[in-house]
Protein chains: 2
Amino acid sequence: MARPDRDLREACIAEAMAIVAGDGVERLSLREVARRLGVSHQAPYKHFPSRDHILAAIVARAFAAFARFLDRNPRSDDADADLGGMGLAYLDYARAHPLEYRLMFGTPLPDGRAHPEMMAEARHAFALLCDGLRRRAAARGEQPDDKAIVLDALFIWSCLHGLAGIHGASLVDTLALPPGALEASPAHVLGRIGDALGH
Amino acid sequence: MARPDRDLREACIAEAMAIVAGDGVERLSLREVARRLGVSHQAPYKHFPSRDHILAAIVARAFAAFARFLDRNPRSDDADADLGGMGLAYLDYARAHPLEYRLMFGTPLPDGRAHPEMMAEARHAFALLCDGLRRRAAARGEQPDDKAIVLDALFIWSCLHGLAGIHGASLVDTLALPPGALEASPAHVLGRIGDALGH
DNA sequence: CCCTCCAAGTTGACAGCGTCAACCAGAGGG
DNA sequence: CCCTCTGGTTGACGCTGTCAACTTGGAGGG
């Protein structure tokens, strides 16, 4: 069998990501991936032992793209503003890429022990947030221990993750919010995070 | 057709909820419901036009149970403590009932317009939080408008929802938290919410 | 009492999915 | 030339949601 003129494994990943980005992870099937690539339904299994494996591969890619997005702003001298910018980027990503966001955070993920690359990419995104907090603390002349940094990172991540989830899901319709509340909620929540941490 | 000695519709709902509570919503199939009840695979369709309809029914039940849980503590004279108690109840529910929690908040829900009861039950839970904030404001002699109440309710809900999601999902393993951070995070996040709102 | 209708079930079929298993062709190495 | 391995194809199986036809029992009316 000649080396194919394309790497089918990478093509499967790209196609799976396109399906998820277009229609959501619920529509991801290996048979549809195969159909779109013009190969037999079993061909993707030559590269991925199971559906979970291709899922883990695209989750890892999604986390990597997410982390790049979080890190998109150049670092400034103002650690508070950097942290706020990261928070905005988080919400922007969730809004711009709702289906990818749900892939990462709204889907039972494959077992992390079997997919270390996926785990590493997810950790990277969280680590950016922890780094932002460390720089902020240093700029204020503080030296919190690692656990305190992580706890505040969890606080922030919880707020952002929760709000992104509310924005992205049908919960928005469900809650029957008064006019303007939805649009105002990102700035408000970010402001409250600032209140909590002390400006 | 005689009135059956059981209400199959209610039996389907109960069985569906048992499957979700035991194994998660991914394992919910109408055929399994039918098998467990000893009826033919098509029988549940006499009562529910589609899988979405039974899903909406159990989501409504889950929201109702959730709201009862949030409201479990008697009201005291201390509105701050009541609000904190509600926050703890939120996290307790998510921890005690992870699969039901994920049913409500981690699952693409059926179209809310087709299922008004489900919507109403979800709104009730959110309204409890808004009420708690109103009572707190009144106790402080403040009169925030409706939008301000809702925005802070969204802030709190975001925090709790985000944290519950982190606790409940494989993200906990993914993030490789330092020892003790996970156990400390509920108190920490609730404390930060208090910081944000001003004690 | 008989007949009709309807509700609630049963049975069978279909298409889609993930996965198992057997088979095939071509490339590379001995 | 032969053998092995890799990466595909084909076919089958069991599971799901749903469509469709059929059956049965009971209620209601004449």
Side-chain angles (χ1 to χ4, degrees), chain A residues 1-59 99 102-103 107-111 114-115 118, chain B residues 1-59 99 102-103 107-111 114-115 118:
Chain A
M1 170 59 73
R3 178 67 191 177
D5 56 2
R6 73 183 164 185
D7 180 346
L8 185 61
R9 187 178 192 278
E10 283 302 316
C12 287
I13 292 175
E15 203 63 46
M17 293 190 70
I19 291 169
V20 167
D23 301 310
V25 63
E26 298 78 18
R27 310 308 293 253
L28 175 63
S29 79
L30 268 69
R31 287 182 180 236
E32 179 62 21
V33 169
R35 261 191 300 274
R36 291 186 179 204
L37 296 176
V39 295
S40 71
H41 72 92
Q42 182 66 13
Y45 286 92
K46 287 299 172 187
H47 301 278
F48 302 95
S50 72
R51 183 180 183 277
D52 254 9
H53 287 82
I54 195 170
L55 190 62
I58 62 174
V59 168
L99 298 175
R102 207 172 72 225
L103 169 68
T107 309
L109 297 179
D111 179 12
H115 303 284
M118 176 181 78
Chain B
M1 171 55 75
R3 181 65 189 174
D5 58 1
R6 76 185 164 181
D7 180 345
L8 186 61
R9 188 179 192 276
E10 283 302 314
C12 287
I13 292 175
E15 204 62 46
M17 293 190 70
I19 292 169
V20 168
D23 302 309
V25 62
E26 296 78 18
R27 308 311 293 253
L28 175 62
S29 80
L30 268 68
R31 285 183 179 236
E32 180 62 21
V33 169
R35 259 190 303 272
R36 291 184 178 205
L37 296 176
V39 296
S40 71
H41 73 92
Q42 181 67 14
Y45 286 91
K46 287 297 172 187
H47 301 277
F48 301 95
S50 71
R51 182 180 185 276
D52 254 9
H53 287 79
I54 196 171
L55 190 63
I58 62 174
V59 168
L99 298 175
R102 206 173 74 225
L103 170 69
T107 310
L109 296 180
D111 179 12
H115 304 284
M118 176 182 79

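Within every chain, numbering begins at 1; the chains are lettered A, B, ... in the order of the sequence lines, protein sequences first and strands thereafter.
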Inset, instruction - Quickly work out the A:Lys46 NZ to C:dC24 P distance and round it to whole Å. - result: 14 Å
Legend entry - Distance-only donor-acceptor test, A:Glu32 side-chain atoms vs C:dC17 base atoms, 3.5 Å: no
Inset, instruction - Kindly compute the distance separating CG (B:Leu30) from NE2 (B:His47), expressed to the nearest 0.5 Å. - result: 11.5 Å
Inset, instruction - Starting from P on D:dG7, measure out to CG on A:Leu37 and report it in whole angstrom. - result: 16 Å
Inset, instruction - Specify the separation, in whole Å, of atom CD of A:Glu10 and atom P of D:dG7. - result: 14 Å
Inset, instruction - Compare all side-chain heavy atoms of B:Leu55 with those of B:Val25 and state whether any distance is below 4.5 angstrom. - result: yes
Inset, instruction - Step by step, work out the side chain to side chain contact (heavy atoms under 4.5 Å, CB included) result for A:Glu10 and A:Ile13. - result: CA-CA 5 Å; A:Glu10 283 302 316; A:Ile13 292 175; 4.1 Å; yes
Legend entry - Non-neighbouring partners of A:Glu32 that pass side-chain contact (heavy atoms from CB on, under 4.5 Å), sequence neighbours left out: A:Ile19, A:Ser29, A:Arg35, A:Arg36
Legend entry - Sub-4.5 Å side-chain heavy-atom contact between B:Val59 and B:Thr107: no
Inset, instruction - Starting from C1' on D:dT18, measure out to CG on B:Leu30 and report it in whole angstrom. - result: 10 Å
Legend entry - Pairwise side-chain contact, A:Val33 with A:Val39, heavy-atom cut-off 4.5 Å (strictly under): no
Inset, instruction - Side-chain contact test, heavy atoms from C-beta onward, threshold under 4.5 Å: evaluate it for B:Arg102 versus B:Leu99 and give yes or no. - result: yes
Legend entry - Test ring-ring contact (aromatic ring centres under 6.0 Å, His included) applied to A:His115 - qualifying residues, sequence neighbours left out: A:His53
Legend entry - Distance-minimising heavy-atom pair for B:Cys12 and B:Phe48: CB-CE1, 3.7 Å
Inset, instruction - Establish, with yes or no, whether the OP1 or OP2 oxygen of C:dG9 is under 4.0 angstrom from a side-chain nitrogen or oxygen of B:Ser40. - result: no
Inset, instruction - Output the residues of residues 47-59 of chain A in contact with DNA chain C, where contact means a heavy atom of the residue under 4.0 Å from an atom of the strand; sort by number or write none. - result: A:Ser50, A:Arg51
Sub-3.5 Å pairs of nitrogen or oxygen atoms, protein against nucleotides 12-14 of chain D:
from: D:dA12; atom 1: N6; to: A:Arg31; atom 2: NH2; distance (Å): 3.2

Inset, instruction - Return the minimal non-hydrogen interatomic distance between B:Ala43 and B:Leu8, and the atom names on each side. - result: CB-CD2, 4.2 Å
Legend entry - Nucleic acid contacts of residues 16-28 of chain A, taken as heavy-atom distances under 4.0 Å to DNA chain D: none
Inset, instruction - Whenever both distances are under 3.5 Å in a Watson-Crick or G-U wobble pair, mark it; put DNA chain C into dot-bracket that way, with [ ] for crossing pairs and | when the partner is on another strand. - result: ||||||||||||||||||||||||||||||
Inset, instruction - Please state whether the phosphate of D:dT18, meaning OP1 or OP2, lies under 4.0 angstrom from any side-chain nitrogen or oxygen of B:Tyr45. - result: yes
Legend entry - Sub-4.5 Å side-chain heavy-atom contact between B:Ile58 and B:Leu28: yes
Legend entry - Under 4.0 angstrom between B:Arg35 side-chain N/O and D:dT16 OP1 or OP2: yes
Legend entry - Closest non-hydrogen atom pair, B:Pro108 against A:Glu26: CG-OE2, 3.3 Å
Inset, instruction - Among D:dG11, D:dC19, C:dC17, find the nucleotide with the atom closest to the side chain of B:Gln42. - result: D:dC19
